[in-house]
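In what follows, a structure is listed as structure tokens, so that the remarks can point back to it.
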Amino acid sequence: MEAKDWRQEQERQERVRNKLQARIAELEPEVAGLRDQATDIRKRFWEEVTINTSTAEDFEETFYSVQQQSAMLAERERGHKRLVRQWEGMKRLLPSPYFGRVDFQEDGLNASEQVYIGVSSFIDNDGLNFLIYDWRSPIASLYYDYPPGRASYDTPAGRIEGTMELKRQFQIQNGRIRNMFDASETIGDELLQQVLGKDADSQMKSIVATIQKEQNAIIRNDNSRMLIVQGAAGSGKTSAALQRVAYLLYKHRQTIRADQIVLFSPNPMFSSYISTVLPELGEENMQQTTFQEYLDYWLGSSLRSEDPFDQIEFTLTAQGEPGYEARLQGIAYKTSEAFLKALQNYGKWLGREGMRFNDVWFRDRVLITAERMSAKLYDFDSSLPLFSRIALLQEWLLDELASLEREERNAFWVQEELNYLDNEQYAEVFDILHKDREVLDLAEQYAVVREQMNNKRRGDEGDVDFSQREEELILRRIVKESFKPLRKSVKNFSFVDAKGIYGQLFGDETSYREQTNEIAIPPLWPEICKQTKDMLSRNELFHEDATPYLFVKEMVEGVRTNTEIRHVFVDEGQDYSAFQYEYFKKLFPRARMTVLGDFGQAIFIQATNLEASDSPLIRLFGEADTSLVRLVRSYRSTREIVEFTKSLLPGGEEIVPFERRGRKPLLIRSNGVKKRDAQLLEDIASLRAEGFASIAVITKTAAESREVYESLRIQGEEGLQLITKETRDFEKGVMVIPVYLAKGVEFDAVLVYDASPEAYGRDNERKLLYTACTRAMHRLHLYTTGDWSPFVQALSANFYEKAPILTDRG
């Protein structure tokens, strides 16, 4: 790069920076002024409104006065919010206004345009000249997708063709260009080397300057209903997904809000880990949840569902226990498409027979029996869907309750309760009767008076006894309040025996086949049924039963769809079952889906192969509406770590390491647990001294994590964090964490606590070991007190270094 280019670019950068500072200073009083106006209007809201409801005209005038004041406040608040976004966007630009430049000459034009690209747009004072283009704008895609030469980009008006004459990258810090180079590839290796060489942060950062071409294809995909991203560990899947959210919010800002996008995270800690990315890009955070949180919400307090981490703890630690093989078969079957089909057939069977209901009880007696409900249900038109007939049954029940409530007013307990009302309670009811027209409407009072008037006409002449009227109203109120929980429970479908309906499936094999038309049943079906019914008897569900249970419940009660959500993102998508994906589709019928995952890290039994030709994800919306993107280049770890980890996987040779050098993984064997723990402490201290701020001791299970944490803490390791499934905040430091909670997160250094055959010897544990090792950015240590895992033993000695064996003598 010539000195003239440096000088010109620095001068331009300083001009843009000065304009940014001037615009920020100009906006500051406007932002403060609008905020003060909105605050003042809010404070004086009711002072400006005269409430008068004496006549219809007065009421109408009051209504319009309130509406006008409210509209004024909303307009000020919208204006303030818009200005704040502009102001904050410019402040974000100030330290580093842009990171890229392309010179593009459109076909048919004589001159090229210099396009500078940053995290948001900035327009000159004339309102026409873009000094900086937002990285999400159509023209900015040139920077990510092309080297110099023929290039094009898509706009709403069509494709623009032309020639890219220059592609330049910058690193700017606090107004000074620290690095600048012309690049022929998408993102120059120099920039990536510097970015990736940094320590892992306590939160994921959005570095839009380093988006690769294949990641840009994910970000800007606007056509597919289902976008599947199969990416190697450290390939930038999650980063691309979050930048995709920012792109969607930018491009469709008139039609999509952040709260119409939901991300299903693998665990609560991961949500904390990624929480800063969208705010860094000037966007509001989307909704984030875990699938378990969703299940718990809809199951409510009636049933407790095992979470996926308890399920995997069982599969990893309970080998050899009674019922273990049956449970594994149950997990595989209950998460399959075959079970989904069986439940759909079960719904048809329930439409003909077999529905189960709960009796409606009141004061220790049955008001409406389950048998009566069942008879009524099957009297309805059989051509109607089951949930429609249940809705009709619900209406009938409410009518029955209204009739029974009227009859109940003459019951002995009602008069008795009236007699025992103390003065305070009577005054309270009296106050309700005379003042609260929402609780007791005038029509009800009129009905009582009319009834008493009719009685008078049939008997003695004279005035209506208004004290008797009050007593009648109080009696009505007593019964109405007593029946209120019944009405509420009917509206909440408590009359449907959902637990009994689901449990009915797990009888003998013959009845199951009759109910579902199922042919292929797991060999250990009787034991699976026993385990399932035992859990239900304790008001509990296995994790693999939770989604099917809700599916059956919604077949009966109607589907709880959410038509507001427009995009669903699923991270660690390989860990979800085919059944769960069908449930997602039904739950969010208007949403497009983006599924991110790595089948190399599929550690759950119900794992879904994202890229197989027969993948249920492709069948979900059909091939025409599905796109698959493969990311094979790994950026997280050094070349040496990637060469080691990819050799652990069959087919791992497809993974391409980024050219960032470091030390080979270190294998450390000791002759006892105490010696291993002592060495672990020494290594942690050494890594800290080198400046690594994020160090993870990764264990296989949560139980092992607790043991290791206690051992290291007793030996004097301070500031140690134990990460559990309840941990919600991701912070820097030294942590002990089970491998399945570390998924999706990266650390400067990873210490795999036990890499023995006992920990990682079975074939289904290969991916666990791979997942643990791929969390490391710069350093990877593996420890054992005996032999090495067969997956490590099978590696070429060129991929690692061995420390001298540690004995009690050193």
Side-chain angles (χ1 to χ4, degrees), residues 1-2 4-13 15-16 19 93 96-172 177 179-192 207-224 240 243-244 246-253 281 627 629:
M1 194 72 64
E2 294 183 9
K4 180 183 70 172
D5 292 322
W6 274 88
R7 186 175 62 255
Q8 288 176 347
E9 291 290 8
Q10 183 60 45
E11 287 173 355
R12 195 226 183 234
Q13 194 279 144
R15 287 198 303 275
V16 171
K19 290 185 177 185
L93 286 175
S96 179
Y98 41 82
F99 52 79
R101 166 188 167 183
V102 294
D103 291 2
F104 182 73
Q105 184 170 346
E106 184 182 334
D107 289 347
L109 299 181
N110 295 326
S112 63
E113 180 184 3
Q114 291 182 355
V115 177
Y116 286 83
I117 300 162
V119 294
S120 62
S121 297
F122 181 51
I123 305 175
D124 208 347
N125 293 333
D126 60 10
L128 301 172
N129 181 30
F130 273 84
L131 298 174
I132 305 169
Y133 282 88
D134 192 293
W135 66 278
R136 297 164 289 186
S137 61
I139 198 170
S141 65
L142 293 168
Y143 173 75
Y144 300 111
D145 288 341
Y146 293 97
R150 292 296 296 173
S152 64
Y153 63 95
D154 293 320
T155 72
R159 174 161 287 197
I160 306 296
E161 307 262 357
T163 302
M164 186 194 296
E165 299 174 343
L166 176 77
K167 182 180 201 172
R168 183 166 289 171
Q169 295 175 244
F170 304 91
Q171 283 184 305
I172 302 173
I177 298 176
N179 200 357
M180 180 175 75
F181 47 90
D182 291 347
S184 58
E185 296 302 320
T186 304
I187 303 298
D189 279 1
E190 288 183 59
L191 180 59
L192 268 176
I207 308 171
V208 293
T210 65
I211 294 170
Q212 305 299 291
K213 182 177 180 178
E214 62 271 22
Q215 293 168 333
N216 198 43
I218 296 166
I219 293 165
R220 294 175 189 264
N221 182 301
D222 236 1
N223 302 316
S224 307
Q243 288 156 346
R244 173 167 167 74
Y247 169 78
L248 292 169
L249 291 172
Y250 172 84
K251 182 174 181 181
H252 303 287
R253 52 193 175 276
L281 296 171
S627 295
V629 179

Who are the side chain to side chain contact (heavy atoms under 4.5 Å, CB included) partners of D126, not counting sequence neighbours?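 Counting only residues at least two positions away or on another chain, D126 forms a side chain to side chain contact (heavy atoms under 4.5 Å, CB included) with D124, L128, N129.
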
Among residues at least two apart in sequence or on other chains, which ones pass side chain to side chain contact (heavy atoms under 4.5 Å, CB included) with R253?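 Testing R253 for side chain to side chain contact (heavy atoms under 4.5 Å, CB included), a comparison that skips the adjacent residues, returns Y250.
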
Compare every heavy atom of [Y] with every heavy atom of [X], then report the nearest pair and how far apart it is.
{"X": "Q105", "Y": "A111", "value": "CG-O, 3.8 Å"}
{"X": "I117", "Y": "I132", "value": "C-CG2, 4.1 Å"}
{"X": "W135", "Y": "V208", "value": "CE2-CG1, 3.7 Å"}
{"X": "S120", "Y": "D134", "value": "CA-OD2, 3.3 Å"}
{"X": "L93", "Y": "S121", "value": "CD1-O, 4.2 Å"}

For [Y], does its backbone N or O pair with a side-chain atom of [X] as donor and acceptor, under 3.5 Å?
{"X": "R159", "Y": "S152", "value": "no"}
{"X": "K251", "Y": "R220", "value": "no"}
{"X": "Q243", "Y": "Y247", "value": "no"}

My understanding is that only residues two or more places apart in sequence, or in another chain, count here; which of them pass salt bridge (charged side-chain N to carboxylate O under 4.0 Å, His left out) with R7?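 By the salt bridge (charged side-chain N to carboxylate O under 4.0 Å, His left out) rule, R7 matches no residue at all.
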
State which residues pass salt bridge (charged side-chain N to carboxylate O under 4.0 Å, His left out) with R244; sequence neighbours excluded, sorted by chain then number.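 Scan of R244 (salt bridge (charged side-chain N to carboxylate O under 4.0 Å, His left out), adjacent residues dropped) gives none.
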
What distance separates [X] [atom1] from [Y] [atom2], expressed to the nearest 0.5 Å?
{"X": "Y144", "Y": "I211", "atom1": "OH", "atom2": "CD1", "value": "4.0 Å"}
{"X": "L249", "Y": "R136", "atom1": "CG", "atom2": "CZ", "value": "8.0 Å"}
{"X": "D5", "Y": "D182", "atom1": "CG", "atom2": "CG", "value": "7.5 Å"}
{"X": "Q215", "Y": "T210", "atom1": "CD", "atom2": "OG1", "value": "7.0 Å"}
{"X": "E161", "Y": "F104", "atom1": "CD", "atom2": "CZ", "value": "7.5 Å"}
{"X": "I218", "Y": "S627", "atom1": "CD1", "atom2": "OG", "value": "10.5 Å"}

Could you tell me if the side chain of L166 sits less than 4.5 Å from the side chain of Q114, heavy atoms only?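 Q114 does not reach L166 side chain to side chain.
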
Let's go through L142 and V115 carefully: what are the C-alpha distance in whole Å and the side-chain angles of both, what is the deciding distance for side chain to side chain contact (heavy atoms under 4.5 Å, CB included) to 0.1 Å, and is it a yes or a no? CA-CA 10 Å; L142 293 168; V115 177; 5.8 Å; no

Option among R12, Q13, K19 that satisfies the side-chain contact (heavy atoms from CB on, under 4.5 Å) test with V16: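 Testing each of R12, Q13, K19 against V16, the sole residue satisfying side-chain contact (heavy atoms from CB on, under 4.5 Å) is R12.
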
Any residue meeting side chain to side chain donor-acceptor pair (under 3.5 Å) with R150, in chain and number order, not counting sequence neighbours: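 Partners of R150 under the side chain to side chain donor-acceptor pair (under 3.5 Å) test: D107, T163.
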
R101 bridged to D103 by N-O distance under 4.0 Å: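 Result for this pair is yes, salt bridge flagged.
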
With sequence neighbours excluded, what pairs up with Y116 under the ring pair (Phe, Tyr, Trp, His ring centres under 6.0 Å) test?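 For Y116 the ring pair (Phe, Tyr, Trp, His ring centres under 6.0 Å) partners, ignoring immediate neighbours, are Y98.
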
Ring centroids only, cut at 6.0 angstrom: are F99 and Y143 within range, meaning strictly under it?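 Yes, the ring centres sit under 6.0 Å apart.
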
